[in-house]
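Please read these numbers as outputs of a predicted model, since none were measured by experiment. Within every chain, numbering begins at 1; the chains are lettered A, B, ... in the order of the sequence lines, protein sequences first and strands thereafter.
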Protein chains: 2
Amino acid sequence: MDTNEKRIATIFKAFCDENRIHVLKLLIAGEKCACDLLDEIKITQPTLSHHMKILCDAEIVIPRKEGKWTYYSLNPDGVEKAKRLLSEITQLQHQPTQN
Amino acid sequence: MDTNEKRIATIFKAFCDENRIHVLKLLIAGEKCACDLLDEIKITQPTLSHHMKILCDAEIVIPRKEGKWTYYSLNPDGVEKAKRLLSEITQLQHQPTQN
DNA sequence: ACAACGCATAGAAGAATGTCAATATATTTT
DNA sequence: AAAATATATTGACATTCTTCTATGCGTTGT
């Protein structure tokens, strides 16, 4: 049993919770601090912090500390990696993002 | 809180377990019956059945019954849908598969 | 008809995950 | 220096998920 598959599963866990999906959708509009996200999602601050850690550990989101705030944004590299992995495990050809 | 996000999360749960990743990789080679998969993965038959149900419910895999066998294969439409959703929630442009 | 085979389902146990209240830490403001 | 603010961490609890054994159900072969 390849540990590689466990690694892949861990990355996709970023997308397995409705609150994390919600966060990602909010981050599409651009970088936001935790308190901004907290205004829009019906969870407590520690719960949000927990989800942000999972998103950051999966490298789907990048944190940036500035003073007492932490700003979060989508991580293009991590997102690209997730898309590549999804292509790999489903055998459909991967199309690199054209920007 | 949009129930839509829960739906998306459910689809990505297909990719959140190492055994399911393993199954998907095996199915890249083409349609396989449950007993074939069982030969290659170190889990019991009911556990495999459980995982196949999750993959089928997420529409990532399609079952085909033939006699006493059930053959499984990747579902191109479901896979494409998952890729599109991943693009949507991460704002990176989706590239339709060219085949 | 009966036994064997392939897979699904039920139910239980343990592990992992999501959630919260309480608290800690770091920064800014007064 | 003290209070206020923003976020992280801890610890507890509930829910969900993974896995197993036991069993059921449909199909095939004798």
Quiz item: Which residues pass the side chain to side chain contact (heavy atoms under 4.5 Å, CB included) test with B/Ser73, sequence neighbours left out?
Solution: B/Glu31, B/Ile62
Exercise. Please identify each residue that fulfils side chain to side chain contact (heavy atoms under 4.5 Å, CB included) with B/His51, with sequence neighbours left out.
Key: B/Asp17, B/Asn19, B/Arg20, B/Ile43, B/Thr47
Self-check item: Contacting residues from residues 26-38 of chain A, given that a heavy atom lies under 4.0 angstrom of DNA chain D
Solution: A/Cys33, A/Ala34, A/Cys35
Quiz item: If an axis is fit to five pairs at each end of the helix from C/dA1-D/dT30 to C/dT30-D/dA1, what is the angle between the two, to the nearest 10°?
Solution: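 That helix gives 20° between its end axes.
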Practice problem: Would you give the length of the straight line joining atom SG of B/Cys35 to atom CG of B/Leu48, rounded to the nearest 0.5 angstrom? | Solution: 10.0 Å
Quiz item: From A/Gln45 CD over to A/Ile41 CD1, what is the distance, rounded to the nearest 0.5 angstrom?
Solution: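 It is 13.0 Å, given to the nearest 0.5 Å.
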Starting at [atom1] of [X] and ending at [atom2] of [N], how long is that distance when rounded to a whole Å?
{"X": "A/Phe15", "N": "C/dT17", "atom1": "CZ", "atom2": "C1'", "answer": "18 Å"}
{"X": "B/Lys6", "N": "C/dT17", "atom1": "NZ", "atom2": "C1'", "answer": "15 Å"}
{"X": "A/Asn19", "N": "C/dT17", "atom1": "CG", "atom2": "P", "answer": "16 Å"}
{"X": "B/Glu18", "N": "C/dA16", "atom1": "CD", "atom2": "P", "answer": "11 Å"}
{"X": "A/Asp17", "N": "C/dA16", "atom1": "CG", "atom2": "P", "answer": "18 Å"}
{"X": "B/Ile21", "N": "D/dT18", "atom1": "CD1", "atom2": "P", "answer": "12 Å"}

Practice problem: Taking A/Ser87 for its side chain and A/Lys83 for its backbone only, find out whether a donor-acceptor pair lies under 3.5 Å. | Solution: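 Judged by distance alone, yes, a pair lies under 3.5 Å.
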Quiz prompt | Sidechain-backbone polar pair: A/Thr10 side chain, A/Lys6 backbone, donor-acceptor under 3.5 Å | solution =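 Answer holds: yes.
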Quiz prompt | Members of residues 48-57 of chain A that approach DNA chain C, where some heavy atom sits under 4.0 Å away | solution =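 Going residue by residue through residues 48-57 of chain A, the ones with a heavy atom under 4.0 Å of DNA chain C turn out to be A/His50, A/His51, A/Ile54.
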Practice problem: Would you mind building the protein contact string for nucleotides 22-30 of chain D? One character per nucleotide, 5' to 3', B for base within reach (heavy atoms under 4.0 Å), S for sugar-phosphate only, - for untouched. | Solution: B----SS--
Self-check item: Pair A/Glu18 + B/Arg7: basic N to acidic O under 4.0 Å
Solution: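 No.
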Practice problem: Answer yes when B/Asp57 and B/Lys53 have at least one side-chain N-carboxylate O distance shorter than 4.0 Å, and no when they do not. | Solution: yes
Exercise. Would you tell me if any nitrogen or oxygen in the side chain of A/Thr70 comes within less than 4.0 Å of OP1 or OP2 on D/dT7?
Key: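 No.
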Exercise. Nearest-nucleotide wise, let me know which of A/Thr47 and A/Lys65 is further upstream toward the 5' end of DNA chain C.
Key: A/Thr47
Quiz item: Does the pair B/Ile89 and B/Phe12 meet the rule for a side-chain contact (heavy atoms from CB on, under 4.5 Å), with working shown?
Solution: CA-CA 12 Å; B/Ile89 64 182; B/Phe12 283 104; 4.2 Å; yes
Self-check item: Stepwise side-chain contact (heavy atoms from CB on, under 4.5 Å) test for A/Cys56 and A/Tyr72
Solution: CA-CA 9 Å; A/Cys56 291; A/Tyr72 296 100; 3.9 Å; yes
Quiz prompt | Student check: side-chain heavy atoms of B/Leu27 and A/Gln91 closer than 4.5 Å | solution = no
Quiz prompt | Closest to side chain of B/Ile43, choosing from C/dG18, C/dA8, D/dC20 | solution = D/dC20
Self-check item: Among C/dT19, D/dA8, D/dT18, the nucleotide that comes nearest once only the side chain of A/Tyr72 is considered
Solution: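 My answer, after comparing the listed nucleotides, is D/dA8.
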Exercise. Evaluate the criterion salt bridge (Lys or Arg N to Asp or Glu O under 4.0 Å) for residue pair A/Glu66 and A/Arg64; output intermediate values, then yes/no.
Key: CA-CA 6 Å; A/Glu66 182 176 330; A/Arg64 178 176 67 85; 2.5 Å; yes
Exercise. Please assess B/Glu59 against B/Asp77 for the test side-chain contact (heavy atoms from CB on, under 4.5 Å), listing each intermediate value before the final yes or no.
Key: CA-CA 8 Å; B/Glu59 296 186 291; B/Asp77 290 346; over 6 Å; no
Practice problem: Determine whether A/Leu85 and B/Val79 fall in the same hydrophobic cluster, where Ile, Leu, Val, Met, Phe, Trp and Tyr are linked whenever their side-chain heavy atoms lie under 4.5 Å apart. | Solution: yes
